[in-house]
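See structure below.
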There are 2 protein chains.
Amino acid sequence: MKEGLPQVSASPTLEDVARAAGVSRATVSRVINGIRNVDPAIQETVRQAIAVTGYVPNQAARSLVTRRTGAIALVVSGAGGDSAENPFPSQVFADPFFGRVAAGTVGFLRPLGIHPVLMFADTAESRTQIVAYLRQGNADGAVLVSTHAEDPLPKLLVDASLPTVLFARPARPIPISYVDVAHRTGAQLAADHLVTRGCRRVATISGPLDVPASQDRLAGFQDAMAVHGHPYIPVAEGNFTVSSGEAAMERLMAEHPDVDGVFAANDLMAQGALLVLRHHGRRVPDDVAMVGFDDSSAALACRPPLTTVRHPVEDMAAEMVRLLLLHIEEPGLAATSRIFQPTLVVRESA
Amino acid sequence: MKEGLPQVSASPTLEDVARAAGVSRATVSRVINGIRNVDPAIQETVRQAIAVTGYVPNQAARSLVTRRTGAIALVVSGAGGDSAENPFPSQVFADPFFGRVAAGTVGFLRPLGIHPVLMFADTAESRTQIVAYLRQGNADGAVLVSTHAEDPLPKLLVDASLPTVLFARPARPIPISYVDVAHRTGAQLAADHLVTRGCRRVATISGPLDVPASQDRLAGFQDAMAVHGHPYIPVAEGNFTVSSGEAAMERLMAEHPDVDGVFAANDLMAQGALLVLRHHGRRVPDDVAMVGFDDSSAALACRPPLTTVRHPVEDMAAEMVRLLLLHIEEPGLAATSRIFQPTLVVRESA
DNA sequence: GTGAAAGCGCTAACAC
DNA sequence: GTGTTAGCGCTTTCAC
């Protein structure tokens, strides 16, 4: 063992650093936390002592006194009743939409040195568990992306006064911040595009009408078409799945066989509709033009590739996290919302 | 305020519960941690006191003394040099493969009440940050899914003696546990299938040959074909991307225009190869049969849908986490590995 | 500008 | 079986 060199202990503490630097714990703490009022010379000494000892602050000890963990939860809330079904929440995490949210979240948080805790809620039990987890102080707050309308989790979190921000406007009005996309504007983009390319008999496949996003996309589409002189638009309701899109398209074709343009409220339903059109010998986009929504990976997988409305998901996720950090910083902050503008991605289907 | 009822404080501590139950902190702690040697009657009293006070243990205080956080890190390690490129790691998280790993991880961890911390490493800086984060005791260990061969992170983690388990065998032998799929067996499945369906002039598109998985898939394919009486198999190396698959297929066709069966070391390259075959007027599977590897979403998006080798990714991820928990429990545990058997998913391309 | 000292809430010896 | 007590490593008044 070399003499004269400070001992490098297995897990050095503030005390060790203080001793090595010949100062008190308090001073080392000040240097680490960037508090001024510390003599520059001593600062330097302390820094060297930190380097020499290989000191790393203990987060638990820190949290205990600051009552902050510096962690946040990224909660994915899927549908689900009171019992667990599939052991693995595969479909949810494999959804590229989730991937984009995760990317936006991590992208924003990483430079700040903070990392999201991934949680999945689909049962009453898991929701309780998540609230408990947050209350234990494992994270300072949560961002929540919910895939279904009547999710009770947002309210649970608000009631527990846990800082929370949602990815979309909640179905019921509760005092909570959220980010969202301008669904109506997106639908209008679709309507304008269909009209511009000459469609005269346009229909739409909506999402489930108890979901705010579906309502907005439908209303936005109807309004925009009305402006273009089409006061009545046939509607078939789906539930955002491929097969519901197929069924909806079948209904539409039965009642309006001459349809020449369709706006589907998401890409998956558009994909289903495309299948049905092909089966009926309709060419896309020549006979029928199709516009989807989301610009999910399904849009590219479709034949022909889908013209679709794209949200800036990563940016939205980043903003969601930024809002959460604000709320954590300032507990009294009133709920706000930030709405992002979608864009139309033109491919071959329309 | 009602009299006689215990005071429900904002954030009750063990002390509050102890007072409400008329016992000591230690006893409450024992009940909470399920330690026997506590009188059943008292246990009940304590439970009620916990319910009445709404007590939730403070994780930071607990971690401080147990030196365990009960958290683990899920690290996604992408390629990347010393500088950040894209602010958002979209492509990585949007990859359905990552989604399946996340699903398997969360599926296993959730019943245990533990949640993974999501981290992304792509630069030297982010790797340092991750090691520091773990050393601060924000998590007890890490599972790591690495997308490139020469990832320095596994070694960094091992050197810091942080419990770690990898999703795939590391390129260089380091003493670390991992789960993996039997690449050779998978390749053999592909070979057998191609031979069975009557292919006589078979070639393969390999992955980058510095990656162990690529080496194994190639070797396994060559060996299996040799057994079937085909000692020489043309090889074109790709790098797991669609365009590299296209280039490889072009090369193969230039040198072996009569090829009638191809095994691509992943689905993306198979997809690229399919494009090239169509462009050259070859029908799949009639003129040329194609088998991929991974059963990624690309396999379904291909025209025709791809016959491919599927790993049990969720199960592998669950096992990876189970191993990590074991290592955390027993720090001295020697590194082990668990190899999973792949299956062949037969679709239309072969 | 710096140090001393008092906890943050919990677990784990160790007594009884 | 239960209570007492001593910290875990850190931040943060409060003196000096």
How does each nucleotide of nucleotides 7-16 of chain D score, in 5' to 3' order, for protein heavy atoms under 4.0 Å: base (B), sugar-phosphate only (S), or none (-)?
-BBBBBB---
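For DNA chain C, the outermost nucleotides in 5' to 3' order that have an atom under 4.0 Å from a heavy atom of chain B are C:dG9 to C:dA13.
Taking the six-membered ring wherever Trp is involved, the centroid distance between the rings of A:Phe98 and B:Phe93 does not fall below 6.0 Å.
Every residue two or more places apart in sequence or in another chain that forms a side-chain contact (heavy atoms from CB on, under 4.5 Å) with A:Gln48 is listed here: A:Glu44. Residues forming a ring pair (Phe, Tyr, Trp, His ring centres under 6.0 Å) with A:Tyr55 (at least two apart in sequence, or on another chain): none. Remark: A:Asp151 pairs with A:Ser77, A:Arg127, A:Leu144, A:Ser146, A:His148, A:Leu153, A:Pro154 by the side-chain contact (heavy atoms from CB on, under 4.5 Å) rule, at least two apart or across chains. Among residues two or more places apart in sequence or in another chain, the side-chain contact (heavy atoms from CB on, under 4.5 Å) test is passed with A:Ala21 by A:Val23, A:Thr45, A:Val46, A:Ala49. Taking the ring pair (Phe, Tyr, Trp, His ring centres under 6.0 Å) definition, one finds that B:Tyr178 meets it with nothing, sequence neighbours left out. Scored by the salt bridge (Lys or Arg N to Asp or Glu O under 4.0 Å) test, B:Arg62 finds no partners at all (sequence neighbours excluded). Checked against side-chain contact (heavy atoms from CB on, under 4.5 Å), B:Arg30 has the following partners two or more places apart in sequence or in another chain: B:Ala26, B:Thr27, B:Ile35, B:Val38.
Within the helix from C:dG1-D:dC16 to C:dC16-D:dG1, the inter-axis angle between the opening and closing five-pair segments is 40°, rounded to 10°.
The stretch residues 63-73 of chain A participates, sequence neighbours left out, in these side chain to side chain donor-acceptor pair (under 3.5 Å) pairs: A:Gln59-A:Ser63, A:Thr69-A:Asp140.
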Check residues 318-334 of chain A and write down every donor-acceptor pair under 3.5 Å in which the side-chain atom is one partner and the other belongs to a residue at least two apart or another chain.
unit_1: A:Glu319; atom_1: OE1; unit_2: A:Arg322; atom_2: NE; d: 3.0
unit_1: A:Glu319; atom_1: OE2; unit_2: A:Arg322; atom_2: NH2; d: 3.1
unit_1: A:Glu319; atom_1: OE2; unit_2: A:Arg338; atom_2: NE; d: 3.0
unit_1: A:His327; atom_1: ND1; unit_2: A:Leu323; atom_2: O; d: 3.1
unit_1: A:His327; atom_1: NE2; unit_2: A:Ser177; atom_2: OG; d: 3.3

